[in-house]
Number of protein chains: 2
Amino acid sequence: MDVDRLTTVIEDFNTIFIRLPSVRKFNFSTLSVLHTLDRRGPIRLTDLLATEQLKQPALTSLVAKLEQDGLLQRRPDPTDGRASLISLTRSGRQIVRSRHAHRVAKLTRLVDQLTPEERAVLAGSVDVLNRLTELAEETP
Amino acid sequence: MDVDRLTTVIEDFNTIFIRLPSVRKFNFSTLSVLHTLDRRGPIRLTDLLATEQLKQPALTSLVAKLEQDGLLQRRPDPTDGRASLISLTRSGRQIVRSRHAHRVAKLTRLVDQLTPEERAVLAGSVDVLNRLTELAEETP
DNA sequence: GCACTTACATCGAAAATTGATATAGTCGCC
DNA sequence: GGCGACTATATCAATTTTCGATGTAAGTGC
């Protein structure tokens, strides 16, 4: 099992997977925040901070801007008066879904060109890839 | 073959694959430029522009800064007096390699926790993933 | 050798990000 | 039930990044 080569292949695959012909121009920080909110549901700013590569003031101002733009909403945390819970609005979720849909379309076009055997291999790897992600979340 | 789920799994995997505990603080644009230069060798600014999500003036100033910092070098293009060929210096390549090494180490720690069967599936998928990347480069 | 295009640079303004610091709520303890 | 330490988020000024508009100089076609 050549992990070095696996790493290289994923790195290279990502250069085509991540970049999308984007309708609206969001920077990387914004897209990452929207994605995290979509997965992690209502979350406090501090917890969101842990997954994003931003300092707290930058995240505060980004969240404020996205709230202005109606992509997310903040509700007071009922269990902690200092905090608020941030979650996507319908419109924010729409953006994440739309980007996802574009990726699915792009990937479908590629997968269609694979042989049936290759497709089977790829399909079989989905659970393993998912397992890797789970392990990463558990592993310190 | 559920491409939708494949897409989701890769998106989620990437949240742990991309982010690294970085020694030096480079932003996403910088890392992307360094990575592209490492793969695509000496390249003109305009061609580099195609893969990066920046406008030309931003890339010009980023390249100028990275040249100052000794991470890349510019040599005149012998075949075109207007252009110059940009390539990584040893020091620039060092950064890309170091980040790659961190990913390999991180991924190794995860792969070690898989069963032999899971590892075999993953190893088998490397070529297919690579094929997908090639197809993406060919596909318009 | 003259218009036209292409490759890159320059410049001022707008946006994003940061470090330092402030504010305000919470918790443990007596 | 109030004091001190801690935590969550906000604010502010300075820096960095990015952009749009435009310039310059080298190549290209006729």
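No hydrogens, no waters, no symmetry mates; every other heavy atom, side chains included, goes into these values. Only a predicted model underlies this, so the values are computations on that prediction, with no experimental measurement involved.
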- Among C:dT26, C:dT17, D:dA25, the one nearest B:Arg82 by side-chain distance: D:dA25
- Query: When all nucleic acid strands are considered with a 4.0 Å heavy-atom cut-off, which category describes A:Leu54: base, sugar-phosphate, or nothing?
  - Reply: sugar-phosphate
- Would you indicate what B:Ser61 reaches in the nucleic acid, counting non-hydrogen atoms under 4.0 angstrom: base, sugar-phosphate, or nothing? base
- Remember a base hit wins even if backbone is also touched, and classify A:Lys65 as base, sugar-phosphate or nothing at under 4.0 Å, heavy atoms. sugar-phosphate
- D:dT18 phosphate, OP1 or OP2, under 4.0 Å from B:Ser29 side-chain N/O: yes
- Query: Just how far, in rounded Å, is P of D:dC19 from NZ of A:Lys25?
  - Reply: 11 Å
- Task: Would you mind reading off the distance between B:Leu59 atom CG and D:dG20 atom C1', rounded to a whole angstrom?
- Result: 16 Å
- Item | Side chain of A:Leu45 - closest among D:dT18, D:dA10, D:dG20 | D:dA10
- Task: For A:Leu48 and D:dT7, give me the distance from atom CG to atom C1', rounded to whole Å.
- Result: 17 Å
- Nearest-nucleotide check on DNA chain C, A:Gln53 vs A:Thr79; residue mapping nearer the 5' end is A:Gln53
- Message: Can you measure A:Glu52 atom CD to D:dT9 atom C1' for me and round it to whole angstrom units?
- Response: 17 Å
- Query: What is the distance from atom CG of B:Leu31 to atom NE2 of B:His35, rounded to the nearest 0.5 Å?
  - Reply: 10.0 Å
- Item | Nucleotide C:dA14, atom P - distance to NZ of B:Lys55 in whole Å | 18 Å
- Donor/acceptor link under 3.5 angstrom from B:Gln56 side chain onto base of C:dA7: no
- Message: In the structure I gave you, are the side-chain heavy atoms of A:Leu6 and B:Arg103 within less than 4.5 Å of one another anywhere?
- Response: no
- Query: So do the side chains of B:Glu11 and B:Thr15 get within less than 4.5 Å of each other, counting heavy atoms only?
  - Reply: no
- Let me know the distance between CG of A:Asp47 and C1' of D:dT9, rounded to the nearest Å. 13 Å
- Item | Smallest separation among heavy atoms of B:Leu122 and B:Ser125, with atom names | O-OG, 2.7 Å
- Item | Nucleotide of C:dT18, C:dA16, D:dT9 approaching A:Ala58 most closely (side-chain heavy atoms) | C:dT18
- Message: Between B:Arg40 and B:Asp47, does any NZ, NE, NH1 or NH2 come within less than 4.0 Å of an OD or OE carboxylate oxygen?
- Response: no
- Task: Would you please confirm or rule out a distance under 4.0 Å between OP1 or OP2 of C:dA9 and any side-chain N or O of B:Thr60?
- Result: yes
- Query: Quick one: B:Phe28 CZ to C:dT17 P, roughly how many Å, whole number?
  - Reply: 13 Å
- With the side chain defined as heavy atoms from C-beta on, A:Arg74 is closest, among D:dT17, D:dA10, C:dC8, to D:dA10
- Tightest non-hydrogen contact, residues A:Leu71 and A:Ser91, listed as CD2-OG, 3.3 Å
- Considering only side-chain heavy atoms of A:Asp80, which listed nucleotide, D:dC19, C:dT26, D:dG27, is closest? C:dT26
- What is the distance from CZ of A:Arg44 to P of C:dT26, rounded to the nearest Å? 10 Å
- Item | A:Pro57 side-chain proximity, nearest of D:dC19, D:dT11, C:dA7 | D:dT11
